[in-house]
Each structure stands twice: as structure tokens, then as C-alpha cells.
There are 2 protein chains.
Amino acid sequence: MTTPAPVLLPIGQMADATGVKVPTIRYYEQIGLLPTPPRSQGNRRLYPESAIQRLRFIRHARELGFEIDAIRQLLDMADQPDQSCADADSIARHHLADIQSKIARLNALGDEVRRMIVDCSQSSVRQCRVIQVLADHGQCLGDHLAEPIKINEK
Amino acid sequence: MTTPAPVLLPIGQMADATGVKVPTIRYYEQIGLLPTPPRSQGNRRLYPESAIQRLRFIRHARELGFEIDAIRQLLDMADQPDQSCADADSIARHHLADIQSKIARLNALGDEVRRMIVDCSQSSVRQCRVIQVLADHGQCLGDHLAEPIKINEK
DNA sequence: TCTTGCTTCTCTAGTCGCTAGAGATTGTAG
DNA sequence: CTACAATCTCTAGCGACTAGAGAAGCAAGA
């Protein structure tokens with residue numbers, strides 16, 4: 001009566017099972033997001049099936065735009081199911097607020113860029129509305145754009 | 001009858017005049033976005049007033065979210081006022097499309113995150129909707145989210 | 001003249017979340 | 001035995017800056 005050998009997956013099958021690329025999995029290990037898995041005799045990573053869940057959790061959170069640090073905290077919470085989930089809620093709310101402010105900013109940008117394009121006479125650069133507006137901030141409606149001089153909206 | 005000495009500004013005054021930080025101005029020079037200015041005897045950069053216009057152009061374009069490469073092209077066009085502005089128009093249109101797709105993606109993310117939060121029972125992690133949804137992609141409405149596995153929406 | 005303090009200089013390294021590539025090794029199928 | 005695939009480690013690159021060290025220049029006040 002032997003215990004059944006646990007199923008262990010090489011990194012490529014982990015990638016297939018989760019949709020996370022192989023180098024990314026190694027990267028997550030490197031930054032401490034995934035625990036270091038056991039290795040084969042030939043030094044290959046061999047993951048227990050439980051690692052699939054964890055990696056899917058990470059992938060899903062990344063798809064929803066959570067930052068790595070937030071995911072780290074969420075994973076810690078998921079590991080302690082008896083604790084309060086207020087912190088998880090708070091992280092998600094902060095993230096939502098972040099998303100909303102990015103949307104607002106992008107809407108403002110979009111309006112401005114659309115105006116430039118619509119007004120463009122489609123002739124020479126000399127009369128080009130796009131170039132003119134860029135050259136002279138005064139022609140731009142949105143001074144609100146300039147308020148946070150940070151432009152990391154990507 | 002001597003020609004009047006041209007007004008030359010040190011980098012700090014350029015920063016004040018344009019709202020672009022000093023290290024950023026040097027960075028723009030380094031990547032070839034701003035021409036290298038003449039230097040004083042003590043090796044300080046001294047900018048002609050015309051550089052203010054160029055730097056303002058750059059800043060405004062960055063505020064509107066244009067990438068450095070696009071700005072490089074727009075600046076080239078602005079320097080050739082007799083050419084057609086079709087390219088400038090095209091760059092702006094591409095940028096607008098980019099903004100719109102980012103907004104669409106962020107709206108989808110926002111919806112999903114909002115659902116997680118609303119459903120959260122605010123009790124223990126074990127019942128936490130936020131954690132549950134992250135752990136199980138199947139509970140998520142948005143399979144569309146997964147389509148482009150790239151998650152560089154920031 | 002000396003000193004204090006501000007500005008500027010160059011250079012390197014860090015940010016975030018990966019991605020790409022080199023070059024070596026291991027495992028597997030024919 | 002030989003291909004070939006998968007994996008290993010390590011380093012460097014992306015974009016658009018930002019931060020910091022350490023040195024040098026410069027103007028005003030004592």
C-alpha cells in the first residue's frame with residue numbers, strides 16, 4: 001500500500017495549463033510570487049498540481065490589471081481563509097478607482113485629439129490643425145490635462 | 001551698429017518656461033528629440049528662445065499621450081511646413097484609435113472588478129468574492145478579457 | 001577674499017512587467 | 001546514435017523617465 005506518486009508537471013505544461021508563458025513563470029518565481037518548485041535530477045522544475053491554481057490566480061489578477069504587489073497581498077490573503085477579507089476588498093476598490101481615473105483621463109485625451117483631427121484642413125503642414133494645436137497649448141481646450149504634469153497614462 | 005545679443009536661457013529657466021523638468025530636458029537631448037544646445041564657457045547648456053517652442057510642442061504632445069517616436073515624426077513635419085499634413089493626420093488618428101481601445105479595455109476591466117466588489121460579502125476570506133473570482137476564472141464573465149493575452153494596459 | 005548655497009554637470013542605476021537572446025544541458029523519439 | 005525539442009542560467013532590452021552620487025561652476029553676502 002504505497003501512497004500514489006504526486007503528479008508533477010514540467011514548466012512547459014504549466015504554461016499550457018495556465019496560459020502564462022514559460023519565461024514569465026520563471027520571472028514570477030524570481031520575484032517571489034511563485035514558490036520555488038522541486039527539481040528533477042536533471043535540474044528541471046517540477047510543479048505540483050496545486051501550483052496551477054496559484055498561477056491561474058496570478059494570471060487572472062494580471063488580466064484584470066492588478067499590479068504585482070497587489071497580487072502578492074491578495075495571494076497572502078487567499079492563503080489565510082479565516083482572516084477578514086476587508087483588505088482584499090480595499091485593494092480591489094483602490095484598483096477600481098485607479099481604472100476609473102485612467103478612463104477619465106483617456107476620455108479627455110481622446111476628446112482633445114479628436115478635435116485636432118476634425119479641424120484639420122488636410123492640406124499643408126502650414127495650415128495643419130494637428131501641428132498647430134501641438135505647437136500652441138493655448139489652442140487646446142483642456143488645461144485640465146496639464147494639471148498633473150505626470151503623463152504616465154500609457 | 002552691432003547685432004543684438006540673442007537671449008540664451010540656462011536649463012533651469014527652460015524648465016520653468018515649459019514645465020518640463022531639468023533631467024527630462026537632458027533626456028530629450030540624449031535621445032535626439034531636442035538638438036544639442038550651445039554651451040557656456042563653464043559647460044552649461046544655453047538655449048535660444050526658439051527651443052522653448054520646440055520643448056512646449058513636445059510637452060503638449062506628451063500630455064496628449066503621443067509616444068516619443070510619433071512626436072519625433074510630428075516635429076520633423078512641423079519643420080517642413082510646405083509638405084502635406086496627411087501623415088500628421090494619420091499619426092493623430094492612430095493615436096486616437098489607440099486611446100479608444102484602451103478605454104474599451106479599461107471599461108471591461110472596471111465592470112469586472114466592480115462586480116467582484118459588489119458581490120463581496122465583507123466577511124472572511126473564505127467567502128470573499130474578490131478572492132474567489134480571482135481564483136477561478138470560470139466565475140468571471142469576461143472571457144473577452146483573456147483574448148489578447150497581453151496585459152499591458154497599465 | 002572667502003564662504004555659503006544654489007544650479008548645473010556627468011554618470012550610473014532604478015522603475016514595472018515582462019521579453020528576447022545566447023549558449024549550455026537534458027530528455028526523448030526514431 | 002542522432003536529431004530535435006525542452007529546459008536551464010544569465011544578461012540585456014523595452015519606454016519614458018526618475019533618483020542619486022560626486023564634482024564643478026557661479027553669484028551674493030560678510
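Every chain is numbered from 1 and lettered A, B, ... according to where its sequence line falls, protein lines coming before strand lines.
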**Asked** Can you check the B/Asp69 CG to D/dG15 C1' distance for me, whole Å?
**Response** 10 Å
**Atom-to-atom span, CZ of B/Arg26 to C1' of D/dA16 - whole angstrom** = 16 Å
**Asked** Would one find a side-chain N or O of B/Tyr28 under 4.0 angstrom from OP1 or OP2 of D/dA16?
**Response** no
**Item:** Pairs touching residues 29-39 of chain B that satisfy side-chain hydrogen bond (donor to acceptor under 3.5 Å, both in side chains), sequence neighbours left out
**Value:** B/Glu29-B/Arg45, B/Arg39-B/Asn43
**Message:** Rounded to whole Å, please give me the gap between OH in B/Tyr27 and P in C/dT12.
**Reply:** 17 Å
**Request:** Please report the shortest heavy-atom distance between A/Ala70 and A/Ile91, naming the atom on each side.
**Result:** CB-CG2, 3.9 Å
**Request:** State, with a plain yes or no, whether a side-chain heavy atom of B/His60 is found less than 4.5 Å away from one of A/Val133.
**Result:** yes
**Item:** Atom-to-atom span, NZ of B/Lys21 to P of D/dA16 - whole angstrom
**Value:** 16 Å
**Asked** Is B/Asp89 salt-bridged to B/Arg93, going by a charged N under 4.0 Å from an acidic O?
**Response** yes
Identify every side-chain donor-acceptor pair in residues 10-19 of chain B under 3.5 Å, counting partners at least two apart or on other chains, and give the distances.
from    : atom 1 : to      : atom 2 : distance (Å)
B/Thr18 : OG1    : B/Met14 : O      : 2.8
B/Thr18 : OG1    : B/Val20 : N      : 3.2

**Message:** How many whole angstroms separate atom CD of A/Glu63 from atom P of C/dC18?
**Reply:** 11 Å
**Request:** Ignoring backbone atoms, establish whether A/Thr24 has a side-chain N or O less than 4.0 Å from OP1 or OP2 of C/dG17.
**Result:** no
**Item:** Length of the CG-C1' vector between B/Asp16 and C/dC6, whole Å
**Value:** 13 Å
**Request:** Round to a whole Å and report the spacing from CG of B/Leu64 to C1' of D/dA16.
**Result:** 16 Å
**Asked** A/Glu67 has a side chain; which of D/dA16, C/dG17, C/dT10 sits nearest to it?
**Response** C/dG17
**Request:** Indicate yes or no: does B/Asp98 engage B/Lys102 in a salt bridge with an N to O separation below 4.0 Å.
**Result:** yes
**Prompt:** Does any non-hydrogen side-chain atom of A/Arg62 lie less than 4.5 Å from one of A/Tyr28?
**Reply:** yes
**Request:** Report the residue (B/Gln30 or B/Ile11) whose heavy-atom-nearest nucleotide on DNA chain C is the more 5′ of the two.
**Result:** B/Ile11
**Message:** Measuring from the side chain of B/Arg62 (C-beta onward, heavy atoms only), which nucleotide among D/dT7, D/dA16, C/dC18 has the closest atom?
**Reply:** D/dA16
**Request:** Grab the CD-C1' distance between B/Gln13 and D/dA27 for me, whole Å please.
**Result:** 14 Å
**Request:** Please list, by residue number, the residues of residues 37-46 of chain A whose heavy atoms come closer than 4.0 Å to an atom of DNA chain C; answer none if no residue qualifies.
**Result:** A/Gly42, A/Arg44
**Prompt:** Which nucleotide, D/dT18, C/dT19, C/dT8, lies nearest any side-chain atom of A/Pro23?
**Reply:** C/dT19
